[in-house]
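Below: one structure, written as structure tokens.
Heavy-atom basis, side chains included; hydrogens, waters and symmetry copies ignored.
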Amino acid sequence: MKASHIFIFGFIFLISGCALFRSSAKSNHKPEMVLIEGGTFTMGDIYDNTNPDAKPVHQVTLSDFKIGKYEVTYRQYDAFARRTARKLPEADSLQQGNRPVVNIDWQDARAFCNYYGWRLPTEQEWEYAARSGGKKMRFAGTNNIDSLNIYARTQNNSAPFAFKVGTKKPNSAGLYDMSGNVFEWIGNYYQFYPKNGKEPTWDKLENKGVRIIRGGSFEEGKYIASTYWRVGVLADAKANDVGFRCVDPLNK
């Protein structure tokens, strides 16, 4: 009887220990988040008002949310992939570690965020955060294109691959690489901005498989790193300069 009690206790301890280990492993690879206080801002091309894809400018009001301090890294994504029996993303011959994970599609990016009870950012959240709470910022961290090298890796100042996250200066909200390094998946479908207060309309192709990437990359010029610049991409597309970060909406 006594021996059976010891066996049962040992078995329970083993099971609880495994659960604790899984929880600890998950926590060790959980992205760091930054609180962004909500507010109202004018979204779109408020600088030149010439980018047809970012017009018309319009008012948006957001509640508080948290967003990833850095782009999700290979180290974080690979740990998630192994725990969920997913295929590891393709990688170049360089050390992966804390470089932003790329070559993953929209579904994989969303699955990673969902794993932590989060989601991909909306366009409104992403732009608001990139502009440090909706400030008038052409790039994430500066309005001066001549100062962009301090904040972003673009075609003009980078090698042909993504660098480790956080190696450039953050914007005033404490977020790194919102401009440059790699594009970032957005949760929304691609659609035109609302006109005359009406709801947004689907793009002319009526293809709801088209999603959005934001922020520019090491393969693109400086202006693509603008906080209002939008690019439509098929949801199943994979590229060596497209990654992501997550949002915790706080009001779940």
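Here the side chain of Asn144 pairs no donor or acceptor atom with the backbone of Leu148 at under 3.5 angstrom. Between the side chain of Ser226 and the main chain of Tyr228, no donor-acceptor pair closer than 3.5 Å is present. Panel note: side chain Asn188, backbone Ile212; no donor-acceptor pair is recorded below 3.5 Å. Although no hydrogens or angles enter the test, the distance criterion places a donor-acceptor pair under 3.5 Å between the side chain of Trp185 and the main chain of Ile104.
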Item to check | Intermediate values then yes/no, ring pair (Phe, Tyr, Trp, His ring centres under 6.0 Å), Tyr77 and Phe80 | outcome: CA-CA 5 Å; Tyr77 187 87; Phe80 153 77; 5.3 Å; yes
Next on the checklist: Working note: Asn171 + Arg131, criterion side chain to side chain contact (heavy atoms under 4.5 Å, CB included); need CA distance, chi angles, decisive distance, verdict.
Outcome noted: CA-CA 8 Å; Asn171 67 4; Arg131 289 167 50 186; over 6 Å; no
Checklist entry - After noting the C-alpha distance and the side-chain angles of Leu175 and Ile67, does the key distance pass the side chain to side chain contact (heavy atoms under 4.5 Å, CB included) rule? => result CA-CA 8 Å; Leu175 304 174; Ile67 190 168; 3.7 Å; yes
Item to check | Candidate pair Tyr116 and His29, rule side chain to side chain contact (heavy atoms under 4.5 Å, CB included), full reasoning | outcome: CA-CA 10 Å; Tyr116 289 102; His29 296 97; 4.1 Å; yes
Next on the checklist: Using the rule given for side chain to side chain contact (heavy atoms under 4.5 Å, CB included), can you reason through Tyr193 versus Val57, listing the C-alpha separation, both sets of side-chain angles and the distance that settles it, and then say yes or no?
Outcome noted: CA-CA 8 Å; Tyr193 281 166; Val57 297; over 6 Å; no
Using residues 38-49 as the side-chain source, report each donor-acceptor pair under 3.5 Å to any protein atom, sequence neighbours left out, with the distance given to one decimal.
residue	atom	partner	partner atom	Å
Thr40	OG1	Thr61	OG1	2.7
Thr42	OG1	Gln59	OE1	2.4
Asp45	OD1	Tyr47	N	3.3
Asp45	OD1	Asp48	N	3.1
Asp45	OD1	Asn49	N	3.3
Asp45	OD2	Asn49	N	3.2
Asp45	OD2	Thr50	N	2.9
Asp45	OD2	Asn51	N	3.0
Tyr47	OH	Met137	N	2.8
Tyr47	OH	Met137	O	2.3
Tyr47	OH	Arg138	N	3.0
Asp48	OD2	Arg138	NH1	3.4

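Residues Tyr74 and Val102 have side chains in contact (heavy-atom distance under 4.5 Å, counting atoms from C-beta outward). Tyr223 is listed as a side-chain neighbour of Ile145, based on a closest heavy-atom distance under 4.5 Å. Within the 4.5 Å cutoff, the side chain of Asn181 has heavy atoms near those of the Phe163 side chain. Taking 4.5 Å as the limit, every side-chain heavy atom of Gln96 sits out of range of all side-chain heavy atoms of Val101. With a 4.5 Å cut-off on side-chain heavy atoms, Asn240 and Phe218 count as touching. In this structure, the side chains of Asp78 and Pro89 come closer than 4.5 Å at one or more pairs of heavy atoms.
For the residue pair Met178 and Ala140, the shortest heavy atom distance occurs at CB-CB, 3.5 Å. The shortest non-hydrogen separation linking Ser217 to Asp241 is OG-OD2, 2.8 Å. Across every non-hydrogen atom of Gln76 and Phe112, the tightest pair is O-CE1, 3.6 Å. Pairing each heavy atom of Phe244 with each of Cys246, the nearest pair is CE1-SG, 3.9 Å. Between Gly243 and Val182, the shortest heavy-atom contact is N-CG2, 3.8 Å. Shortest non-hydrogen contact noted between Arg245 and Lys69 is NH1-O, 3.4 Å.
Within 6.0 Å of atom NZ in Lys222, more than 12 heavy atoms from other residues, nucleotides or ligands are found, so the atom counts as buried in its surroundings. Dense packing is recorded around NZ of Lys55, with more than 12 heavy atoms of other residues, nucleotides or ligands lying under 6.0 Å away.
In this structure, CZ in Phe139 is found 8.5 Å from OG1 in Thr227, a value given to the nearest 0.5 Å. For the atom pair OG1 (Thr122) and CD (Glu127), the distance works out to 10.0 Å, reported to the nearest 0.5 Å. Atom CD in Glu219 sits 12.5 Å away from atom CD1 in Ile224 (nearest 0.5 Å). Rounding to the nearest 0.5 angstrom, the gap separating the CZ atom in Arg214 from the CZ atom in Arg230 is 6.5 Å. To the nearest 0.5 Å, the span separating CG on Leu35 from CG on Asp248 amounts to 9.5 Å. For the atom pair CG (Leu234) and CG (Asp105), the distance works out to 11.0 Å, reported to the nearest 0.5 Å.
Residue Pro100 is tested with Val165, Val242, Thr73 for a side-chain contact (heavy atoms from CB on, under 4.5 Å); the sole match is Val165. With Tyr190 as the partner, the side-chain contact (heavy atoms from CB on, under 4.5 Å) test is satisfied by one option alone out of Asp53, Val231, Val233: Asp53.
For residues 128-163, there are no disulfide bond (SG atoms under 2.5 Å apart) pairs, not counting sequence neighbours.
Using cut-offs of 30° and 60° on the angle between ring planes, the pair Tyr70 and Tyr176 is parallel.
A cation-pi arrangement is not found for Arg83 relative to Tyr115, the charged atom failing to lie both closer than 6.0 Å to the ring centre and inside a 45° cone about the ring normal.
In the hydrophobic clustering of ILVMFWY residues, with side-chain heavy atoms under 4.5 Å counting as a link, Trp126 and Phe192 come out together.
With 3.5 Å as the limit, one finds a donor-acceptor pair spanning the side chains of Gln107 and Arg110.
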